[in-house]
Amino acid sequence: MEVASERSKPQVKEYMTRDVATVAPETTVGQVATRIAESDKHSGFPVCERRRVEGFVSARDLLLADDDDPIFKVMTTDLLVAHPDMKVTDAARVILRSGIQKLPVVDDAGNLVGIISNADVIRSQIERATPEKVGKLMRTLEEIHNVSLEQERRTVPLSELTPTQGRVYADELEGRRYELERGLAEPLVVIDNDGTLLLADGHHRVLAADRLEIDEMDAYVIVVDETIDLGMARTAAKEDLEQIDDIDVVDYARHPLVQTTKRLQSGD
């Protein structure tokens, strides 16, 4: 078993799925084939004895095996795994070069702690709310308003958030719902303006979470001790945005980029 690890950010542990479906070595080929056939998201499973990864079994491994054969007879044991502290870019390199779709993630003792897929790698490269980006926003606010602010990470109730964006797009909403259902959502970015929680980034995630009946989410919070006059707060007031139910969901066809493209194509 080969382990690649390098401690740097962004790391695998930030993007891996922690709730991993596994099979035991003594599970039969027939049982695993049934699980794969009945699943819309699994084409294979890590094979674990307790928490320790012993191998990986894919649909291809089952093709020539008898239904009664135990999985340990057909599973791949010479497998690549990732470490939680491994750089996502290194995991991406392994995934691309090996042609596999998923890497089991194991700790120093060889115990399974998650799994990272090619989709997770792609997600790590887009719309990433990093502490550095939040820090840049905080410094900008400090310069504009001549105040000293703090940043913290905490869970925020969705019912207490004031949106600062009046619309979200249906296609993006589905994408964020997909991420939430798989535990992949990025933290929100929130400004705590002396007790008023302004949602600075993450409107699609929040609305998707609300539809999934999720009550609270992880967030990077910029803390303002004394109320300051924020432009996004004025925008929220102007558009009568008081709670997440006030956000409109619009069809993809009404997305400004799509409308512009259609206008250019038609020559209008």
Side-chain angles (χ1 to χ4, degrees), residues 9-22 35 38-46 82 84 88 91-92 95 101-105 112-131 133-134 137 152-192 197-222 236 241-252 254-255:
K9 290 186 176 181
Q11 296 172 312
V12 165
K13 61 188 175 186
E14 299 175 56
Y15 288 93
M16 68 185 187
T17 299
R18 297 178 184 273
D19 185 14
V20 186
T22 65
R35 285 184 64 179
E38 292 177 348
S39 171
D40 60 354
K41 59 183 179 180
H42 292 299
S43 58
F45 301 95
V88 172
I95 288 173
Q101 294 187 339
K102 296 180 179 180
L103 280 177
V105 184
L112 184 72
V113 293
I115 197 162
I116 188 165
S117 68
N118 48 8
D120 298 330
V121 169
I122 293 171
R123 186 178 60 85
S124 74
Q125 303 305 310
I126 59 175
E127 289 196 330
R128 188 163 185 267
T130 63
K133 286 184 179 180
V134 179
L137 172 59
E152 60 188 38
R153 185 84 170 259
R154 70 178 192 239
T155 300
V156 295
L158 302 192
S159 61
E160 295 182 13
L161 293 176
T162 299
T164 60
Q165 175 180 317
R167 63 169 61 181
V168 298
Y169 297 97
D171 60 327
E172 283 191 53
L173 193 58
E174 284 304 307
R176 298 301 171 266
R177 180 174 182 139
Y178 176 92
E179 293 175 355
L180 282 163
E181 288 175 334
R182 288 154 180 79
L184 305 177
E186 296 292 347
L188 308 173
V189 179
V190 172
I191 300 176
D192 184 346
L197 300 182
L198 294 167
L199 179 60
D201 180 73
H203 288 75
H204 286 87
R205 276 164 279 166
V206 162
L207 211 57
D210 183 58
R211 291 186 172 187
L212 292 171
E213 298 184 348
I214 296 172
D215 297 326
E216 55 186 22
M217 293 183 72
D218 186 27
Y220 293 109
V221 181
I222 297 173
L241 300 174
E242 297 179 355
Q243 55 190 7
I244 56 179
D245 288 343
D246 296 328
I247 303 172
D248 290 330
V249 179
V250 298
D251 184 73
Y252 174 72
R254 292 170 58 196
H255 194 293

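FYI, the numbering just counts along the sequence from 1.
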Q.
Once rounded to the nearest 0.5 Å, what's the spacing between atom CG of Leu158 and atom CD of Gln243?
A. 12.0 Å
Q) Can you tell if the side chain of Leu212 reaches within under 4.5 Å of the side chain of Glu181, non-hydrogen atoms only? A) yes
Q: Return yes when atom CG of Asp19 has more than 12 non-hydrogen atoms of other residues, nucleotides or ligands closer than 6.0 Å, and no otherwise.
A: no
Q. So, for Ala91 and Leu103, which heavy atoms are closest and what is the spacing to 0.1 Å?
A. O-CD1, 4.0 Å
Q. If you look at every heavy atom in Val105 and Pro84, which pair is closest and at what distance?
A. CG1-N, 3.6 Å
Q) Can you tell me if His204 uses its side chain to pair, donor with acceptor, with the backbone of Tyr169 under 3.5 Å? A) yes
Q) Quick one: side-chain hydrogen bond (donor to acceptor under 3.5 Å, both in side chains) partners of Asp248, sequence neighbours excluded? A) none
**Q.** Results of salt bridge (Lys or Arg N to Asp or Glu O under 4.0 Å) for Arg154 - residues two or more places apart only
**A.** Glu152, Asp192
Q. How would you list, by chain and number, every residue that makes a side-chain hydrogen bond (donor to acceptor under 3.5 Å, both in side chains) with Asp210, sequence neighbours excluded?
A. none
(Q) For Ala236 versus Pro163, what's the shortest heavy-atom pair and its separation? (A) CB-O, 3.3 Å
Q: Could you tell me which residues satisfy salt bridge (Lys or Arg N to Asp or Glu O under 4.0 Å) with Glu216, sequence neighbours excluded, listed by chain and number?
A: none
Q. Are any of the side-chain heavy atoms of Val88 and Glu14 separated by less than 4.5 Å?
A. no
Q. Taking side chain as C-beta onward, heavy atoms only, is Met217 less than 4.5 Å from Leu180?
A. yes
Q) If you take all heavy atoms of Val156 and Ala219, which pair is closest and at what distance? A) CG2-CB, 3.9 Å
Q. Taking only residues two or more places apart in sequence, or in another chain, which ones meet Arg211 in a side-chain hydrogen bond (donor to acceptor under 3.5 Å, both in side chains)?
A. none
Q | Rounded distance (nearest 0.5 Å) linking atom CG of Leu199 with atom OG1 of Thr162 | A | 9.0 Å
Q) What distance do Asp218 atom CG and Arg205 atom CZ have between them, rounded to the nearest 0.5 Å? A) 10.5 Å
Q | All side-chain hydrogen bond (donor to acceptor under 3.5 Å, both in side chains) counterparts of Glu38, not counting sequence neighbours | A | none
Q: Identify the two heavy atoms, one from Phe45 and one from Ala21, that lie closest to each other, and give their separation to 0.1 Å.
A: CD2-O, 3.6 Å
Q) Do Leu241 and Thr164 come within less than 4.5 Å of each other through their side chains, counting heavy atoms only? A) no
Q. In Å, rounded to the nearest 0.5 Å, how long is the span from CG of Leu173 to CG of Leu207?
A. 5.5 Å
Q. For the atom pair CD1 (Ile115) and CE (Met16), what is the distance rounded to the nearest 0.5 Å?
A. 11.0 Å
Q: Answer yes or no: is there a side-chain heavy-atom contact under 4.5 Å between Asp201 and Leu137?
A: no
Q) Taking the side chain as C-beta and beyond, is there a heavy-atom pair between Arg18 and Lys13 under 4.5 Å? A) yes
